[in-house]
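Presented below is the structure to which this report refers.
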Amino acid sequence: MTDTGENTAGVETPSGKGAADENFPVGSWLLPAALRPHVATYYAFARAIDDIADNPDLAPEDKIARLSAFEAELTDPAACSAASPRPGLEKAARLRESLAATKVTAARGTDLVAAFKQDAVKGRYADWGELLGYCRLSANPVGRYLLDLHGEDPAGYGASDALCTALQILNHLQDCQDDYHELDRVYLPGDWLAAEGLDVTVLDLTASPAGFRRLLDRCLDGVDVLLEDAETLPGRLRCARLAMESAVIVQLARRLTVLLRRGDPLAGRVALSRADFIVCGLKGVLGVQFARLFGRHQPADQRG
């Protein structure tokens with residue numbers, strides 16, 4: 001496919017991945033039941049465009065054409081209804097109707113499209129700031145979408161952005177070797193690699209040399225700073241269920257940071273265990289309940 005016209009059948013390239021394959025909860029039972037279908041619709045859109053960007057068999061221009069078709073279906077006011085969308089773009093049509101029903105801006109979807117278009121043509125990041133810029137498009141819209149969907153105060157965007165960026169970087173560190181081998185992408189600061197006398201071929205190794213270990217820890221130091229901001233998010237939220245969801249995710253991110261400091265992603269995948277999910281889930285839920293019970297909850301619009 002090389003155009004974005006009416007012939008869009010087969011525009012998707014499903015990988016078979018789903019919410020169960022993600023490193024962190026997606027639309028869990030903690031969220032209000034009435035909103036979970038909207039979250040599922042948003043995730044289905046994000047999964048579809050991510051699969052296009054990550055398909056190794058598509059040329060960059062083909063990926064961009066398919067992603068542009070998704071964007072047009074999402075934003076075109078003259079597009080057909082979700083009941084009869086253009087072939088291959090059903091998930092974009094469903095999200096368009098969901099966003100209209102919930103009064104959430106289409107930017108939460110178009111920013112993701114922009115990130116995945118970038119993935120189609122860009123495989124290296126010069127420095128930490130450039131990597132954070134990518135996360136602003138690829139990760140932060142997800143948190144902002146959830147805040148918007150729940151009618152939360154935009155004052156919480158900063159803490160939400162910090163959490164989403166931290167999660168994205170943790171995922172990049174987990175998958176650094178696979179991203180390089182399968183997609184020729186390296187989501188590591190190039191100047192930090194060079195400072196250690198390394199280049200991307202270090203990702204071919206089966207164990208991290210000392211310099212790469214220092215680079216990983218430097219990235220994790222940046223994640224720790226982000227999580228300090230992210231930890232304020234649950235206390236800013238009016239919706240108790242969303243606060244519990246965010247608190248659980250913060251706990252999981254903290255735990256994964258510890259595991260990545262102890263483990264070696266070049267020697268084998270470093271991942272959260274079922275026990276980690278249970279323990280972090282309990283800590284997050286009980287922490288929010290305790291804070292609200294004893295008056296430590298302070299919505300964003302009441303802060304100085």
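Nothing here was measured: the structure is a model prediction, and the numbers come from that model.
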Does some side-chain heavy atom of L31 sit less than 4.5 Å from a side-chain heavy atom of V39? yes
Of the non-hydrogen atoms in S138 and L112, which two are nearest, and what is the gap between them? O-CD2, 3.5 Å
Closest approach of R292 and C239, non-hydrogen atoms and distance? NH2-O, 3.9 Å
Hydrophobic clustering (ILVMFWY, side-chain heavy atoms < 4.5 Å, transitive) - are F277 and W29 grouped together? yes
Measure across A69 and L89 and return the closest heavy-atom pair with its distance rounded to 0.1 Å. O-CD1, 3.7 Å
With the side chain counted from C-beta on, respond yes when V121 and I64 share a heavy-atom pair under 4.5 Å apart, and no when they do not. yes
Distance check, rounded to the nearest 0.5 Å: L198 atom CG versus F212 atom CZ? 8.0 Å
Sole residue of I169, L173, L220 in side chain to side chain contact (heavy atoms under 4.5 Å, CB included) with T257: L220
Short N-O contact, E12 and K91, less than 4.0 angstrom: yes
Look at R261 together with D221 and state whether they make a salt bridge at an N to O cut-off of under 4.0 Å. yes
Any side-chain heavy-atom pair of E73 and E90 under 4.5 Å: no
Under a 3.5 Å cutoff, is there a donor and acceptor pairing between the side chains of H38 and S98? yes
Would you mind reporting whether L260 and L216 have side-chain heavy atoms less than 4.5 Å apart? no
Atom CZ in R218, atom CG in L193: separation rounded to 0.5 Å? 10.5 Å
Go through C219 and L215 one step at a time and tell me if the side-chain contact (heavy atoms from CB on, under 4.5 Å) criterion holds. CA-CA 6 Å; C219 291; L215 180 144; 4.1 Å; yes
Between Q177 (side chain) and L203 (backbone), is there a donor-acceptor pair under 3.5 Å? yes
Note, V285 side chain near F290 side chain (heavy atom, < 4.5 Å): no
Ignoring hydrogens, what is the shortest heavy-atom contact between A243 and V288? Give both atom names and the distance. O-CG2, 3.6 Å
Taking the side chain as C-beta and beyond, is there a heavy-atom pair between V186 and H172 under 4.5 Å? no
If only atom types and distance count, is the side chain of R255 paired as donor or acceptor with the main-chain N or O of C280 below 3.5 Å? no
L226 vs L163, test: side-chain contact (heavy atoms from CB on, under 4.5 Å). Steps then yes/no. CA-CA 7 Å; L226 290 165; L163 178 56; over 6 Å; no
Give a yes or no on whether a salt bridge exists between R144 and D148, defined as a side-chain N under 4.0 angstrom from a carboxylate O. no
Is it the case that the side chain of R238 and the backbone of E152 share a donor-acceptor pair, with hydrogens and angles ignored and the cut-off at 3.5 Å? no
Does a side chain donor of either Y134 or D119 reach within less than 3.5 Å of an acceptor in the other side chain? yes
R185 and its salt bridge (charged side-chain N to carboxylate O under 4.0 Å, His left out) partner, picked from D179, D178, D54: D54
Does the side chain of D191 pick up a donor-acceptor pair with the side chain of Y125 at under 3.5 Å? no
Salt bridge or not between D276 and R254? Use side-chain N to carboxylate O under 4.0 Å. no
Run the side-chain contact (heavy atoms from CB on, under 4.5 Å) test on R269 and D175 for me, step by step, so that the C-alpha distance in whole Å, both residues' side-chain angles and the decisive distance to 0.1 Å come before the verdict. CA-CA 7 Å; R269 183 169 173 79; D175 299 335; 2.3 Å; yes
Under 4.0 Å between a side-chain nitrogen and a carboxylate oxygen: does that hold for R236 and D153? no
Run the salt bridge (Lys or Arg N to Asp or Glu O under 4.0 Å) test on R214 and D217 for me, step by step, so that the C-alpha distance in whole Å, both residues' side-chain angles and the decisive distance to 0.1 Å come before the verdict. CA-CA 5 Å; R214 286 191 293 269; D217 288 339; over 6 Å; no
Close side-chain approach of P209 to V202, heavy-atom, < 4.5 Å: yes
Looking at side-chain heavy atoms only, is the closest gap between H181 and D204 below 4.5 Å? yes
Salt-bridge test for E130 and R124: reply yes if a basic N is under 4.0 Å from a carboxylate O, no otherwise. no
What is the distance from atom CD of E71 to atom CG of D111, rounded to the nearest 0.5 Å? 9.5 Å
If Ile, Leu, Val, Met, Phe, Trp and Tyr residues are connected whenever their side-chain heavy atoms lie under 4.5 Å apart, and connections chain through other members, are L183 and I52 in the same group? no
Search all heavy atoms of L256 against all heavy atoms of V270 and return the closest pair with its distance. CD1-O, 4.1 Å
Between L137 and F45, is there a shared hydrophobic cluster once you connect ILVMFWY residues whose side-chain heavy atoms come closer than 4.5 Å? no
Determine yes or no for a side-chain-to-main-chain donor-acceptor pair under 3.5 angstrom, with T165 supplying the side chain and A162 the backbone. no
To the nearest 0.5 Å, how far apart are CG in L233 and CG in L242? 7.0 Å
Working to the nearest 0.5 Å, report the span between OG1 of T102 and CG of L99. 5.5 Å
Please say yes or no: joined through hydrophobic side-chain contacts below 4.5 Å, possibly via intermediate residues, are V225 and W192 part of one cluster? no
Would V279 end up clustered with L272 when hydrophobic side chains under 4.5 Å apart are linked, directly or stepwise? no
Would you find a donor on one side and an acceptor on the other, under 3.5 Å apart, between the side chain of E231 and the backbone of V250? no
Which pair of non-hydrogen atoms, one from A166 and one from L227, has the smallest distance, and what is that distance? CB-CD2, 3.7 Å
Candidate pair K117 and S68, rule side chain to side chain donor-acceptor pair (under 3.5 Å), full reasoning: CA-CA 9 Å; K117 284 183 177 181; S68 293; 3.0 Å; yes
Any donor and acceptor pair, going by atom type alone, linking the side chain of D264 with main-chain N or O of S208 inside 3.5 Å? yes
Is a donor on one side and an acceptor on the other found under 3.5 Å between the side chain of K63 and the backbone of A53? yes
Measure from the side-chain N and O atoms of Y42 to the backbone N and O of R108, and report whether any donor-acceptor pair falls under 3.5 Å. yes
Interatomic spacing from OG1 in T41 to CG in L35 - rounded to 0.5 Å: 11.5 Å
Indicate yes or no: does D161 engage R136 in a salt bridge with an N to O separation below 4.0 Å. no
